[in-house]
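Take a look at the structure below.
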Protein chains: 4
Amino acid sequence: MSSIVFLIQCTDQKGLVAGITSFFAERQFNILHCQQYTDVEIGQYFMRIKLEDEGTLPHEQLEAEFERFAQTVNLSWSVRYSETPYRVALLVTRASHCPYDLLLREYEGELKCDIPLIIGNHKDLEQMARQFDKPFYHLPISKETKLEQEAAIKKLLTEYDIDLVVMARYMQILSEQFVQEFAGKVINIHHGFLPAFQGARPYHQAYERGVKIIGATAHYATADLDEGPIIEQDVQRVMHDNSPEDLVMVGKDIERMVLARAVKAHIEHRIIISGRRTIVFSEGA
Amino acid sequence: MSSIVFLIQCTDQKGLVAGITSFFAERQFNILHCQQYTDVEIGQYFMRIKLEDEGTLPHEQLEAEFERFAQTVNLSWSVRYSETPYRVALLVTRASHCPYDLLLREYEGELKCDIPLIIGNHKDLEQMARQFDKPFYHLPISKETKLEQEAAIKKLLTEYDIDLVVMARYMQILSEQFVQEFAGKVINIHHGFLPAFQGARPYHQAYERGVKIIGATAHYATADLDEGPIIEQDVQRVMHDNSPEDLVMVGKDIERMVLARAVKAHIEHRIIISGRRTIVFSEGA
Amino acid sequence: MSSIVFLIQCTDQKGLVAGITSFFAERQFNILHCQQYTDVEIGQYFMRIKLEDEGTLPHEQLEAEFERFAQTVNLSWSVRYSETPYRVALLVTRASHCPYDLLLREYEGELKCDIPLIIGNHKDLEQMARQFDKPFYHLPISKETKLEQEAAIKKLLTEYDIDLVVMARYMQILSEQFVQEFAGKVINIHHGFLPAFQGARPYHQAYERGVKIIGATAHYATADLDEGPIIEQDVQRVMHDNSPEDLVMVGKDIERMVLARAVKAHIEHRIIISGRRTIVFSEGA
Amino acid sequence: MSSIVFLIQCTDQKGLVAGITSFFAERQFNILHCQQYTDVEIGQYFMRIKLEDEGTLPHEQLEAEFERFAQTVNLSWSVRYSETPYRVALLVTRASHCPYDLLLREYEGELKCDIPLIIGNHKDLEQMARQFDKPFYHLPISKETKLEQEAAIKKLLTEYDIDLVVMARYMQILSEQFVQEFAGKVINIHHGFLPAFQGARPYHQAYERGVKIIGATAHYATADLDEGPIIEQDVQRVMHDNSPEDLVMVGKDIERMVLARAVKAHIEHRIIISGRRTIVFSEGA
């Protein structure tokens with residue numbers, strides 16, 4: 001079944017649900033799912049509405065009519081059609097566990113997106129790309145060539161018509177320009193439970209501090225390292241007899257799961273960013 | 001802030017969200033939260049809608065007008081007002097951990113309900129009731145007196161105007177008549193992860209089977225023991241070196257949490273029973 | 001069955017397990033459980049050994065003989081006898097959920113210790129103490145009276161022969177002298193997932209940062225606030241639609257569980273402090 | 001660092017730890033880790049002891065001397081050397097998620113074993129095998145050819161010198177002879193939380209029953225389907241709005257993790273089977 005998903009945001013006001021759902025009801029749309037959230041602290045209203053796409057209304061017309069309606073109540077909105085899957089680029093370096101996991105989930109049909117290319121600043125994962133018949137671009141980086149390399153990346157993103165960039169343990173900090181240009185379109189995985197253990201070697205930091213639980217955090221990349229809006233986190237219990245190397249190993253599974261869930265939420269058009277927070281509407285029906 | 005919660009169920013059809021939300025919008029209600037679920041397998045639509053109660057419309061009138069609307073689309077519905085908290089009776093025997101937990105949560109304001117009485121088939125927990133200034137009724141039971149005892153319970157439930165009966169490790173099976181008369185109004189906690197380990201001594205069964213995770217299950221009581229619709233479950237990892245007695249101990253915490261969450265969901269009017277399944281709408285805003 | 005537990009620490013060296021276990025085997029002790037851990041990074045060896053106490057050797061003689069042995073391999077050690085349960089003092093302020101939980105677990109036999117008194121800097125929990133027939137000491141505190149108040153606390157601890165002080169959401173910072181005098185004998189519960197969200201209002205901090213998981217941390221109190229060795233942590237998933245108040249509520253259950261488990265580990269003589277880390281030997285057989 | 005792991009089992013008796021550890025101490029072995037468990041219900045003692053292998057004693061001599069010692073206290077025992085990794089065969093059918101996960105973990109170094117061949121009763125995963133440069137044997141099966149096919153499998157297991165067979169969602173029931181011949185050497189993953197939901201389509205059973213948590217179970221294969229000793233289990237919370245298909249998807253991640261952990265425990269020589277139960281010694285130092 002084809003479907004259409006709208007994400008909507010506006011100042012909270014009476015009559016919103018009725019107004020929006022009536023818009024679609026009048027056009028004979030079957031509402032498959034409708035989720036909302038009101039942030040009373042900031043007076044903002046958020047909605048995700050999923051419609052059956054029976055093809056009765058051309059998409060352009062739907063968008064034009066909805067935009068007219070949106071202006072009357074001052075809505076921000078975006079729309080995705082299930083027939084146009086997200087196109088996702090992977091940025092990688094040497095660590096293979098996260099990119100492999102995403103490639104397998106695309107292959108298994110768990111992530112309903114296309115991953116048309118992989119970009120690495122090292123050559124190590126070229127063989128992995130070949131296993132999955134993906135073009136691999138080797139774009140090395142140094143302090144001096146950072147902006148050039150980013151320009152090359154951007155060129156590829158345009159060429160491949162990319163909607164979402166996933167830093168699958170890329171371990172580089174993107175420049176402020178890059179991050180602003182792709183605001184809300186770059187997901188990073190941090191191998192620590194933010195806001196604890198920011199920066200380098202978080203598992204070793206965690207070991208030193210003697211924590212009993214370690215974690216990982218997927219967030220949108222912003223100019224402030226490890227400070228972007230958090231999408232998903234998970235944790236695992238560890239014991240005193242786990243070495244820092246054990247924590248790294250345990251952490252790999254958390255990173256895989258957390259990154260996969262964050263990407264899944266994004267490509268199912270379930271996330272709205274609100275300042276430093278994210279609204280992540282639940283999966284399911 | 002006073003609020004009103006409607007639970008609604010009907011055959012799935014186009015225009016439901018718009019229709020229902022428009023009903024409230026036309027009457028100037030502020031919709032605080034609106035959740036829905038469509039069970040496509042059985043073609044049923046479920047909704048929970050929470051309104052701000054500004055007192056503009058008398059409750060009787062609201063209900064009368066909604067009933068007229070409901071008949072046009074063939075809705076089943078129920079309503080609760082935050083100003084009328086649920087009245088909850090505890091059925092207990094000798095084990096104190098679950099009833100104590102519920103009494104404390106009432107006291108702490110975590111469970112926004114009234115627990116006006118405690119009924120025990122043994123006298124052991126009379127002192128606990130006294131600690132919290134609750135009347136305690138000792139209604140012993142034997143095979144011969146079962147129906148008489150239940151009649152005495154029912155009399156108390158009526159007298160105290162009880163909405164919900166919680167079997168807080170009561171360890172007795174209620175008669176079919178009782179359960180049918182109070183269908184959807186009796187919550188039981190089973191100290192096993194249903195449908196595994198039904199019946200007696202579930203932790204000992206779990207030990208014998210060598211499971212690595214144990215659990216507990218809160219469900220509505222039905223005539224079939226341990227077969228009622230499940231409301232909430234949780235689990236805890238155990239190790240080979242945990243004895244059956246350890247499992248009993250670990251289990252007590254799971255039972256407390258699971259029963260408390262199930263009662264909380266019920267008294268927040270978040271549960272709709274659908275055959276053997278429950279729709280439990282999420283907490284929060 | 002009576003039992004004896006030794007906690008042992010020393011520089012790692014060959015033959016330790018054999019040497020120590022032979023010491024007890026030669027004296028006809030049945031070893032019920034023996035756990036060890038070698039921290040290879042610092043070259044330290046840690047052991048917990050649990051013996052059946054059949055009364056064949058007077059405790060004083062056992063200790064004297066073990067001390068002679070310990071000197072030959074330069075061991076630090078401590079011993080506890082199951083017949084002498086820990087005596088635990090509760091420090092409280094206004095919040096009742098943690099102290100209630102501990103009192104109930106003592107009552108239920110889940111915590112095999114004695115809680116002979118409760119000390120509060122406010123009077124709010126006097127009624128709770130009365131419910132459980134415990135003496136309650138009201139020792140108010142102000143900036144000016146801090147040291148006097150602590151002196152009064154210490155006097156009570158001596159008078160009641162206290163082994164362990166539990167700050168059950170006491171919300172006061174103990175003085176450096178106090179903490180040093182009772183090093184390794186004061187457990188605090190912090191209502192945040194350390195090292196994230198140190199200091200005040202951690203749930204509000206967590207809400208602001210938009211984390212998807214919140215937690216609590218039990219640790220030994222040191223002069224550096226929230227920096228002491230961590231004993232136990234746990235977490236709970238939260239959603240975007242949980243308000244700061246919801247987080248506080250969810251957090252209460254995490255705090256209860258985490259504090260109870262930390263106290264349990266301490267009174268079962270299962271913890272060795274090693275710098276900023278703790279070795280917490282597992283429960284069970 | 002090379003290491004040696006002994007797994008030991010015998011009737012419980014005084015002096016065991018001292019006796020066994022002294023055996024190794026006298027031969028100048030450094031004990032890296034020593035774990036034990038006494039099952040008091042059946043009076044059995046279990047031990048795992050990990051030694052540094054400095055090469056001072058030839059393995060044959062060590063085994064001969066230990067066997068002489070073992071006879072004096074009537075021990076059962078087995079030994080593994082880290083320099084000889086387990087050789088693991090995968091049995092697969094069409095589902096790729098479990099075998100892919102194991103292959104990646106071998107590749108990533110998370111599972112320190114060799115997977116020298118893959119056997120499938122369908123051809124679907126031949127391409128997966130090729131990606132990882134593994135020989136793939138297509139051995140189709142029908143009711144009539146079952147024993148012949150198993151004979152062909154056994155021939156391959158001998159030829160490739162296999163220590164462990166992993167049914168990575170193989171979905172076939174091995175014959176009683178096969179299972180007995182390889183007792184304790186065949187691990188199966190069941191896609192349900194045993195003992196609930198045995199047999200076919202467990203996720204659909206779980207949906208029908210309306211459970212709030214689903215799980216998967218890794219166990220040793222025995223002649224009784226889904227009744228073998230459980231090695232590892234894990235679970236995931238699900239919601240009323242998850243369809244049976246969602247449960248299948250969620251379940252895939254649980255299956256991957258559970259099977260990988262069970263295989264890891266086995267190849268680290270951390271498991272002793274005791275009747276229907278398993279002792280799984282913990283990871284770490």
Side-chain angles (χ1 to χ4, degrees), chain A residues 35-41 46 192-198 202 204-220 226-245 258 261-262 265 270-282, chain C residues 35-41 46 192-198 202 204-220 226-245 258 261-262 265 270-282:
Chain A
Q35 297 161 286
Q36 50 231 281
Y37 164 60
T38 308
D39 186 333
V40 292
E41 318 242 333
F46 304 88
F193 186 78
L194 292 177
F197 310 127
Q198 304 193 6
H204 290 76
Q205 291 181 50
Y207 178 85
E208 293 297 329
R209 183 60 190 91
V211 296
K212 301 300 184 186
I213 284 174
I214 60 168
T217 306
H219 60 92
Y220 287 111
D226 303 334
E227 286 288 336
I230 292 171
I231 304 169
E232 169 67 357
Q233 303 188 285
D234 212 342
V235 297
Q236 187 79 32
R237 190 167 282 275
V238 292
M239 303 282 286
H240 61 264
D241 57 2
N242 287 122
S243 65
E245 291 68 38
V258 164
R261 285 191 211 127
R270 290 193 278 113
I271 310 178
I272 302 179
I273 299 174
S274 170
R276 290 183 78 197
R277 313 182 76 238
T278 59
I279 290 92
V280 182
F281 292 108
S282 67
Chain C
Q35 296 163 287
Q36 48 231 283
Y37 163 60
T38 308
D39 186 332
V40 293
E41 319 240 333
F46 304 88
F193 186 77
L194 292 178
F197 309 125
Q198 303 192 7
H204 289 77
Q205 291 181 50
Y207 178 85
E208 294 298 328
R209 183 60 190 90
V211 296
K212 300 301 184 187
I213 284 174
I214 60 168
T217 305
H219 61 93
Y220 286 110
D226 300 337
E227 286 288 337
I230 293 170
I231 303 169
E232 170 67 355
Q233 303 187 286
D234 211 340
V235 297
Q236 188 78 32
R237 189 167 282 276
V238 293
M239 302 283 287
H240 61 264
D241 56 4
N242 288 120
S243 66
E245 291 67 39
V258 163
R261 285 192 211 126
R270 290 194 277 111
I271 311 179
I272 302 179
I273 300 175
S274 170
R276 290 184 78 197
R277 314 182 76 237
T278 58
I279 291 91
V280 182
F281 292 107
S282 67

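Below, chains carry the letters A, B, ... as their sequence lines are ordered, and counting in each starts from 1.
For the atom pair CZ (Arg276(A)) and CD (Glu227(A)), the distance works out to 5.0 Å, reported to the nearest 0.5 Å. For the atom pair OH of Tyr220(A) and CD1 of Ile271(A), the computed distance is 3.5 Å after rounding to the nearest 0.5 Å.
For Tyr207(A), the parts lying under 4.5 angstrom from a heavy atom of chain C are both the backbone and the side chain. In this structure, the portion of Glu208(C) lying under 4.5 Å from any heavy atom of chain A is its backbone and not its side chain. Contact annotation for Asp234(A): both backbone and side-chain heavy atoms come within less than 4.5 Å of a heavy atom of chain C.
The aromatic rings of Tyr37(C) and His240(A) sit perpendicular to each other, their planes meeting at more than 60°, with 30° as the lower class boundary.
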Step-by-step side chain to side chain contact (heavy atoms under 4.5 Å, CB included) determination, Ile272(A) to Phe281(A): CA-CA 8 Å; Ile272(A) 302 179; Phe281(A) 292 108; 4.0 Å; yes

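In terms of non-hydrogen atom pairs under 4.5 Å with chain A, the most contact-rich of Met239(C), Glu41(C), Arg237(C) is Arg237(C). For chain A, the option among Thr217(C), Val280(C), Val40(C) with the highest count of heavy-atom pairs below 4.5 Å is Val280(C).
When each of Gln233(C), Arg261(C), Arg277(C) is checked for a side-chain contact (heavy atoms from CB on, under 4.5 Å) with Lys212(A), only Gln233(C) meets the rule.
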